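Read through the structure below, which is laid out as structure tokens, and then see the notes.
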Amino acid sequence: MNRGWDLVRSIRRSFSTALNKMEQCERYSYNPTLRWNPHVEEYFIKAYGAEHFSRISKALTRPSCYSCIRVNTLKTTSDAAIEKLVAILAESGFGNTTDCTSTNGSNDTAEVDVREENGTFSKESDVYHLSERKHREPIYKCQIPGLEYIVFVRGSGPHTIEYGDAPGKPLKEVIVSRKCAEAVLRGAQVFVPGVLACSAHVEKGDTVAVSVAVEQSSLESGWGVGFTRGTVLQGLQTADPHYVERNGLYIGQGMTMMSRAGIFRALEGTAIEMTNRVYSLPSFHDVLEGEIFLQNLPSIVAAHALDPHRGERVLDMCAAPGGKTTAIAILMKDEGEVVAVDRSHNKVLDIEKLAAEMGLKCITTYRLDALKAVCKRNQSADNATEYCSKGKSDITFASSNTLKLSAKDAECFTMEESDAGLTCEGDIANKKANQRSYVSKADIRKNARRLRNGPGRNHCMGGRVENSKGFPPNSFDRVLLDAPCSALGLRPRLFAAEETVESLRNHGKYQRRMFDQAVQLVRPGGVIVYSTCTINPGENEALVRYALDTYKFLSLAPQHPRIGGPGLIGQCELYDGLVEEWLRPGEETLVQRFDPSSPLDTIGFFIAKFNVGQKDT
Ligand SMILES: C[S@@+](CC[C@H](N)C(=O)[O-])C[C@H]1O[C@@H](n2cnc3c(N)ncnc32)[C@H](O)[C@@H]1O
């Protein structure tokens, strides 16, 4: 009888130990659930279906399993860059682990499958892969024809981390902010401002478990983390009011670079160096400056979709920090003009810095509100970007194949013929190469300053940026509108409930107003590419619907390369009864929709390309 009870007790004991272990395992894991505003969630479920949206939602909480690097082919080759990157990775000891559960649940390394069939994404066909499967090197070249200058670096994860936890024995812990955690998941260290809370008695050199504080809802204050910076973590469930909230939100283990007091006293610096990460991705911060640029694959594809040619005049309407601007300039072999504008002064400086680092001369930057990008009639004055014709019926860019201002368009702009003679030759060799037959006063002032500041520094003018009052209608061959958006495709993302149906609608309105400007600025026969980094159809397919219904001279154009999936067809009624219209049958294969839950494992992204016909028809 006793023996029987002993057996029961022992089974119970081992069962409860196993349960305890399982609970601990679940607690000290990374398994977040993305929170959405309920109406937004309902809308996305209507758009994608519950199961698909759940996969997208899960994928968004994880980083892509590889880093994507664009090589500056004007400075180096992908083979040379790969050689240097291999050496850098070997020196840093990165890449010793390769297990990776990809976002679609399969256990694999970060190998992404891209197949193209008749211009559309297809799982069945097997045309090409991003990587050569057999080799499995940590760094490999993109296999898509024309994109071989893109290099991928394999990451790994999710890894199970041994935090050294035991029942009743609290870990030394640090909680970081959501933004900080999202950066750490992409390969960053934990910097001082990102630390929100820390256990007592943490000294420099201690090993700590790092978790993330994700916003919780409270009746009084809406969404918030519910504690102040500097909170002491008690560690035990009984004494720690935020204990349960951290379940499944552990992003790795690190070594403190400062004591607890130091972390909360300092204003900057590395607080924790991560030693064990849930996701392991190489950080190429400040590496091979000017030779490579870390950029998401769909962003590079957007530059290709624009299909810019040497000698053309291209406008990048929302350009900072300049990722797509520089990609476009390189595709143009630095010949022609890429006008890169952004609303923010400091961000324009970022574009200038990047262009200078990459050695690109065809980029002209301005601070400009893209909502006022078309300049008004009779506008003159200082600091305006002026394109003028005095007594001329039209302006022709000699290089081009393309750009002409009609008499009607040109009459409002005044350009003295002598201006053309003032072109600074050595300075803007690329412009000379284009044989552009005009130059604006603003260009001349800018060029004179460039000469004074010496070569190479023409993009960093002591923190000052040129303001623009806009550009004449029909003055660009191609326009890229990489619109500010809800960014609901960016990953990793740990919280999404801040966006409501109303705020998403506001993004859409803003984008339509910008698009209206783009339509005016591009010449007939030109091209507009519209892109966003959101999964929200209201900012993607609905914008395309607006564009095609409003401007009959616009038509959707095929894109190359085409590696994204099709767009969404139909319409959707939202919770308040308003109906949103998307694409019509036949249009879906002309846009590219990058789905974060697809095997491509990219951010969520959308690209539409429009051909511009005769505007007066
Ligand atoms: C999606 S980001 C652009 C990223 C950029 N195209 C790249 O690839 O590096 C959107 C940019 O739009 C800018 N922006 C927002 N509103 C703007 C406006 N009204 N006029 C001009 N730029 C604006 C923001 O400052 C931000 O830099």
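In listed order, ligands and their atoms are each counted from 1. Model, not experiment: these values are computed from the prediction.
Considering each of Cys485, Ala327, Ala320, Pro484, the one bringing a non-hydrogen atom nearest atom 5 (C) of ligand 1 is Ala320.
For atom 8 (O) of ligand 1, the closest heavy atom belonging to the protein is Lys324 NZ, 2.8 Å. In this structure, the protein non-hydrogen atom closest to atom 9 (O) of ligand 1 is Gly323 N, 2.9 Å. Among protein heavy atoms, the minimum distance from atom 6 (N) of ligand 1 is reached at Asp482 OD2, 2.7 Å. The shortest contact between atom 12 (O) of ligand 1 and any protein heavy atom is with Cys318 CB, 3.3 Å. Looking at atom 18 (C) of ligand 1, its nearest protein heavy atom turns out to be Met514 CE, 3.4 Å. Looking at atom 23 (C) of ligand 1, its nearest protein heavy atom turns out to be Arg343 CB, 3.6 Å. Looking only at protein heavy atoms, the nearest one to atom 25 (O) of ligand 1 is Asp342 OD1, 2.7 Å.
In this structure, Ser555 OG and Leu548 CG are separated by 8.0 Å, a value rounded to the nearest 0.5 Å. Here Leu288 contributes atom CG and Asn72 contributes atom CG; the two are 11.0 Å apart, rounded to the nearest 0.5 Å.
Each of the following atoms of ligand 1 lies closer than 4.0 Å to a heavy atom of Ala370: 18 (C), 19 (N), 20 (N), 21 (C). Remark: ligand 1 atoms within the under-4.0 Å shell around heavy atoms of Asp369 are 18 (C), 19 (N), 20 (N). Of all atoms in ligand 1, listed by their number and element, those nearer than 4.0 Å to a heavy atom of Tyr510 are 16 (N), 17 (C), 18 (C), 19 (N). Counting atoms of ligand 1 from 1 in the listed order, those under 4.0 Å from a heavy atom of Leu368 are 20 (N), 21 (C).
At a 4.0 Å heavy-atom cut-off, ligand 1 touches Lys347 through the side chain alone. Here Ala319 has backbone heavy atoms under 4.0 Å from ligand 1, and that is the only part of it that gets that close.
A salt bridge is absent between Lys347 and Asp342; no separation between the charged side-chain nitrogens and carboxylate oxygens falls under 4.0 Å.
Below 30°, between 30° and 60°, or above 60°: for Phe605 and Phe594 the angle between ring planes is above 60°, a perpendicular geometry. Relative ring orientation between Tyr66 and Phe152 is described as perpendicular, the plane-to-plane angle rising above 60° on a 0-90° scale split at 30° and 60°.
Under a cutoff of 6.0 Å and an axis angle of 45°, Arg313 and Phe476 form a cation-pi pair. Tyr546 carries Arg512 over the face of its six-membered ring, with the cationic atom under 6.0 Å from the centre and within 45° of the normal.
Taking 4.0 Å as the cut-off, Pro321 counts as a neighbour of ligand 1 on heavy-atom distance.
Arg493 places a side-chain N or O within donor-acceptor distance of the main-chain N or O of Phe495, the cut-off being under 3.5 Å.
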Exercise. Does the pair Phe471 and Val479 meet the rule for a side-chain contact (heavy atoms from CB on, under 4.5 Å), with working shown?
Worked result: CA-CA 12 Å; Phe471 305 93; Val479 174; over 6 Å; no
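In terms of polar-atom proximity, defined here as any N/O pair under 3.5 Å, Gly322 does make such a contact with ligand 1.
Ser299 and Arg70 are not linked by any side-chain donor-acceptor pair at a separation below 3.5 angstrom, with hydrogens and angles left out of the test.
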